Amino acid sequence: MLSGKRVLLIIGGGIAAYKALDLIRRLKERGVAVTPVLTRAGGEFVTPLSVSALAGEKVHQQLFDLTAEAEMGHIELSRSADLVVVAPATADLMAKIAGGHADDLASTLLLATDTAVLIAPAMNVRMWQHAATQRNLATLTGDGIAVVGPNDGDMACGEYGPGRMAEPLEIVAAIEAAFGAGPLSGKHVIVTSGPTHEPIDPVRYIANRSSGAQGAALAGALTALGARVSFVTGPATVPPPPGVEVIAVETAREMQAVVEAALPADAAIFAAAVADWHVANAGAQKIKKGKDGLPEIALKENPDILAAIAGRSENRPNLVIGFAAETENVAEHAAAKRARKGCDWIVANDVSPETGIMGGAENKVLLITGDGAEDWPRMSKAEVAARLAQRIAAALA
Ligand code: C5P
């Protein structure tokens with residue numbers, strides 16, 4: 001699939017640069033030619049010798065390198081590849097690309113290229129979450145640059161959260177997707193995510209503790225395999241991944257309408273923690289306290305979006321996947337839920353507080369399909385997402 005392609009790989013200056021070495025190996029195994037470029041800061045983390053030995057090619061490092069200019073000018077270098085990959089893409093490199101800077105070889109190549117660009121950001125959590133980086137990210141995606149990661153997890157700097165560079169195989173999958181060769185290219189997948197908010201009045205609502213982390217990771221993993229993802233999200237705390245179409249909703253009833261409007265789809269994955277009830281007598285104005293004693297909140301059942309989509313006779317996605325958050329008898333309850341909802345697969349997990357799964361970065365799931373139950377080891381939500389996306393791709397193939 002990738003054989004015969006040429007990738008210009010720009011290695012930025014971050015601790016994740018060591019993973020770029022493995023990325024080169026993985027690409028070479030797949031018959032990809034790699035032209036490596038090492039930034040000055042990148043050279044502080046990995047040596048030009050290891051990069052060139054693995055790539056089997058000269059490493060380009062200097063903008064004003066007379067020998068290189070005589071052999072191949074930087075403009076030509078920027079256009080010689082089928083894809084430019086920046087891994088790790090540091091906050092500084094992202095800012096340079098977004099601002100159109102050209103003050104070193106890497107930024108000049110990125111400005112001069114007419115080739116598609118994929119970046120794999122890696123940085124400290126705060127740097128990633130900083131408004132400036134998020135602004136730059138929006139600019140880059142708006143300019144058509146593809147993004148893979150970053151993942152959530154423990155970081156080399158001792159902090160925890162989004163900022164870890166995507167793993168080499170996830171970057172390979174994103175490269176395949178960039179070439180339109182991802183296993184989910186041409187497929188449309190709907191993913192619901194996050195909690196719903198059910199208003200009591202204009203200022204108060206019923207909610208739950210879902211962060212939206214697993215749904216966001218899944219949407220990112222599906223995009224990396226080439227899928228077109230409609231990401232239907234309630235008010236989550238984890239931001240949506242780049243590259244998906246985000247449809248923000250608040251209530252379960254809005255979520256159902258939006259999911260139905262997004263059909264047809266090849267697969268639909270219901271990772272949202274949908275509220276079971278809404279307030280039937282929600283106040284049009286803020287309910288005043290103390291006037292007539294305590295307010296009576298009348299609850300009414302919400303539509304079951306998963307069951308409704310799974311039970312459709314028309315436009316039912318080929319693969320409908322539900323999640324089951326349980327606190328006891330996980331396997332038994334999840335198998336019963338699969339039958340009750342009429343979905344194809346259930347991804348079940350134990351969300352009892354001692355597991356730290358709800359709102360945390362790890363997950364321990366049981367995948368229930370028509371063939372039985374598979375117990376997956378505890379892993380990061382990003383890894384669960386990547387593995388599930390691979391299974392979805394295999395099922396839709
Ligand atoms: O019934 P329960 O809430 O445990 O089912 C969980 C699964 O059903 C999840 O996949 C969730 O997204 C979905 N669901 C839904 N609409 C609801 C309730 C749950 O789509 N009203």
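By convention here, the first residue in the shown sequence is residue 1. Computed from a prediction, not measured in an experiment: that's the story for all the values here. All ligand and atom numbering here is 1-based and tracks the order in the structure.
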Answer side chain, backbone, both or neither: which part of Pro303 comes under 4.0 Å from ligand 1, heavy atoms only. backbone
Can you tell me if Asp350 uses its side chain to pair, donor with acceptor, with the backbone of Ser352 under 3.5 Å? yes
Name the closest protein heavy atom to atom 18 (C) of ligand 1, giving the residue it belongs to and the distance to 0.1 Å. Val274 CB, 3.7 Å
For Gly322, counting its heavy atoms only, list the atoms of ligand 1 lying under 4.0 Å from any of them. 10 (O)
With distance as the sole criterion, is a donor-acceptor pair present between the side chains of Glu198 and Thr196 under 3.5 Å? yes
Just need the protein heavy atom nearest to atom 10 (O) of ligand 1, so name the residue and atom and give the distance. Phe270 O, 2.6 Å
Using a 4.0 Å cut-off to any heavy atom of Ala272, which atoms of ligand 1 qualify? 11 (C), 12 (O)
A student comparing Arg253, Lys341, Lys337 should find that the heavy atom closest to atom 4 (O) of ligand 1 comes from Lys337
Atom 3 (O) of ligand 1: the protein heavy-atom neighbour that sits closest, reported with distance to 0.1 Å: Asp276 OD1, 4.0 Å
Is the terminal nitrogen or CZ of Arg338 (NZ for Lys, CZ for Arg) located under 6.0 angstrom from the six-membered ring centre of Trp345 and within 45° of that ring's axis? no
closest protein heavy atom to atom 9 (C) of ligand 1 is Phe323 O, 3.1 Å
Pair Asp22 + Lys19, salt bridge at N-O below 4.0 Å: no
Residues Asn302 and His278: side-chain donor-acceptor under 3.5 angstrom: yes
Regarding ligand 1, does Ala271 bring an N or O atom to under 3.5 Å of one of the ligand's N or O atoms? no
Can I get a per-line list of side-chain donor-acceptor pairs under 3.5 Å for residues 50-57, giving both atom names and the distance, sequence neighbours left out?
residue: Ser50; atom: OG; partner: Thr47; partner atom: O; Å: 3.2
residue: Ser50; atom: OG; partner: Thr47; partner atom: OG1; Å: 2.6
residue: Ser52; atom: OG; partner: Pro48; partner atom: O; Å: 3.1
residue: Ser52; atom: OG; partner: Leu49; partner atom: O; Å: 3.3
residue: Glu57; atom: OE1; partner: Arg6; partner atom: NH1; Å: 3.1
residue: Glu57; atom: OE2; partner: Arg6; partner atom: NH1; Å: 3.0
residue: Glu57; atom: OE2; partner: Arg6; partner atom: NH2; Å: 3.2

Do Glu170 and Asn151 meet the criterion of a side-chain donor-acceptor pair at a distance under 3.5 Å? yes
Hey, are Asp104 and Ser107 close enough side-chain-wise for a donor-acceptor pair under 3.5 Å? yes
What protein heavy atom sits nearest atom 20 (O) of ligand 1, and how far off is it? Leu306 N, 2.9 Å
Does an N or O anywhere in Ile305 fall below 3.5 Å from an N or O of ligand 1? yes
